[in-house]
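Just so it is clear, the structure is predicted and the values come from calculations on it, not from any experiment.
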Amino acid sequence: MGSHRRLVPSGFDRGASAALCVISAAAAALGAVPASAAPHDDTRVEVDRLYEEAEKATEAFNKADERADALREEIGTAQDRIARQQEHINSMRETLGSLAGAQYRSGGLDPSLALLFSDDPDDYLDKAAVLDRISVHQADELKDLQAAMRELAQERTEAARKLGELEKSRKAVASHKKSVEKKLAKARQLLNSLPSDERAAYDRASRSGREEMPDLGNAAAPSGRAAAAVAAAGSAVGKPYVWGANGPNGFDCSGLMQWSYAQAGVSLPRTSQAQRYAGQQVPLSQAQPGDLVTYRSDASHVGMYVGNGQVIHAPYPGAPVRYDPVGMMPGATVTRV
């Protein structure tokens with residue numbers, strides 16, 4: 001998603017003409033764009049901008065959704081802990097009740113009077129010693145019960161806080177989802193407003209020839225897991241971009257990276273921003289197959305380097321998973337997992 005553009009044969013222009021390189025690519029593929037298309041240049045640039053903004057909102061959606069999942073797991077664990085603690089407290093109360101009952105039944109008279117009227121003073125003294133020990137034990141049990149109840153109250157307070165945070169995360173997920181859908185709907189509306197020949201040119205520029213494997217050279221992946229991830233990403237080429245999806249039938253940009261490395265037995269974070277820091281950062285000039293390449297200053301897009309200056313990535317809606325030059329957009333940062 002975002003301003004993903006194919007390099008023209010002469011290389012990638014990072015200057016002011018970058019916003020129009022989609023049309024340049026279409027012109028190279030189809031011949032010169034008619035002069036009448038010029039008034040619609042702003043429309044195409046706006047579509048690219050909306051795709052980029054939608055991708056940023058998608059990554060925000062992924063982050064909020066990931067946080068909501070983590071909170072659900074934490075809440076489930078806390079609820080199990082609370083239930084066990086409550087059972088422990090109930091057991092302690094039963095024990096204390098038994099001790100209190102025994103003490104009540106044996107301590108009805110003042111100790112001095114009980115000793116005076118006792119038929120067997122020695123027996124009474126033995127019982128009194130036992131009762132004294134019971135009282136000490138009861139006091140200890142009571143302290144333990146009070147500590148357990150304080151801990152339970154804290155657990156419940158923390159669980160309530162996490163439930164509130166979960167509700168906020170749910171709202172954030174819904175808000176980001178709405179933002180993505182709104183931007184994508186506007187982009188589709190703008191595309192549909194273009195004359196049919198220009199819309200076809202835009203589609204060709206988005207899809208032209210990039211599902212075919214380019215020359216990837218003979219660079220080897222730095223590890224077996226990186227090689228497995230590259231193979232997985234390659235198997236996804238041609239599958240549709242689906243925002244918020246992480247496979248196996250559709251992907252957004254970070255979802256493709258997460259899924260590809262999962263096939264290699266490696267767990268990656270869900271968002272492109274977190275994936276930027278999922279390993280060791282290396283210079284772009286030292287990129288090797290399997291390295292993650294994040295783009296823009298906010299790391300809102302990510303692809304996988306596969307060799308010879310090429311990446312595999314999920315670009316944006318309407319453009320399937322494909323190969324593109326590593327310099328397709330600015331701000332590339334390379335991370336070796």
Do [X] side-chain atoms and [Y] backbone N/O form a donor-acceptor pair below 3.5 Å?
X    : Y    : answer
D291 : Q288 : yes
Q275 : S254 : yes
Y261 : G290 : yes
Q281 : Y277 : no

With rounding to the nearest 0.5 Å, note down the distance linking [atom1] in [X] to [atom2] in [Y].
X    : Y    : atom1 : atom2 : result
T157 : E155 : OG1   : CD    : 9.5 Å
Y241 : H313 : OH    : NE2   : 11.0 Å
Q154 : R150 : CD    : CZ    : 8.0 Å
R67  : E165 : CZ    : CD    : 4.0 Å
D215 : N218 : CG    : CG    : 9.0 Å
I312 : L256 : CD1   : CG    : 7.5 Å

_Please evaluate residues R161 and E158 with respect to the criterion salt bridge (Lys or Arg N to Asp or Glu O under 4.0 Å), reporting the C-alpha separation (whole Å), side-chain torsions for both, the decisive distance (0.1 Å), and the verdict._
CA-CA 5 Å; R161 184 189 67 77; E158 180 64 11; 2.6 Å; yes
Exercise: identify the closest heavy-atom pair between [X] and [Y]:
X    : Y    : result
L268 : M257 : CD1-O, 3.5 Å
A221 : A227 : CB-N, 3.6 Å
W259 : P248 : NE1-CB, 3.8 Å
R276 : T335 : O-OG1, 2.6 Å
Y295 : P325 : OH-O, 4.5 Å
A233 : M304 : CB-SD, 3.9 Å

Is any side-chain heavy atom of [Y] closer than 4.5 Å to one of [X]?
X    : Y    : result
V311 : M328 : yes
N249 : V242 : no
Q286 : V334 : no

- Whether F61 and W243 hold their rings parallel, tilted or perpendicular, with breakpoints at 30° and 60°: perpendicular
Under the side chain to side chain contact (heavy atoms under 4.5 Å, CB included) criterion, do K63 and Q273 qualify, and how do the steps go?
CA-CA 9 Å; K63 184 177 182 180; Q273 290 87 353; over 6 Å; no
From CA spacing to verdict: side chain to side chain donor-acceptor pair (under 3.5 Å), S272, E59: CA-CA 7 Å; S272 56; E59 289 304 294; 3.1 Å; yes
With R270 as partner, the option from D252, D69, D65 fulfilling salt bridge (charged side-chain N to carboxylate O under 4.0 Å, His left out) is D252
*Applying side chain to side chain donor-acceptor pair (under 3.5 Å), run through R156 and Q85 and close with a yes or a no.*
CA-CA 11 Å; R156 284 179 168 159; Q85 186 75 336; over 6 Å; no
Check: Does the distance from a Lys or Arg side-chain N to an Asp or Glu carboxylate O, for E74 and R81, drop under 4.0 Å?
Finding: no
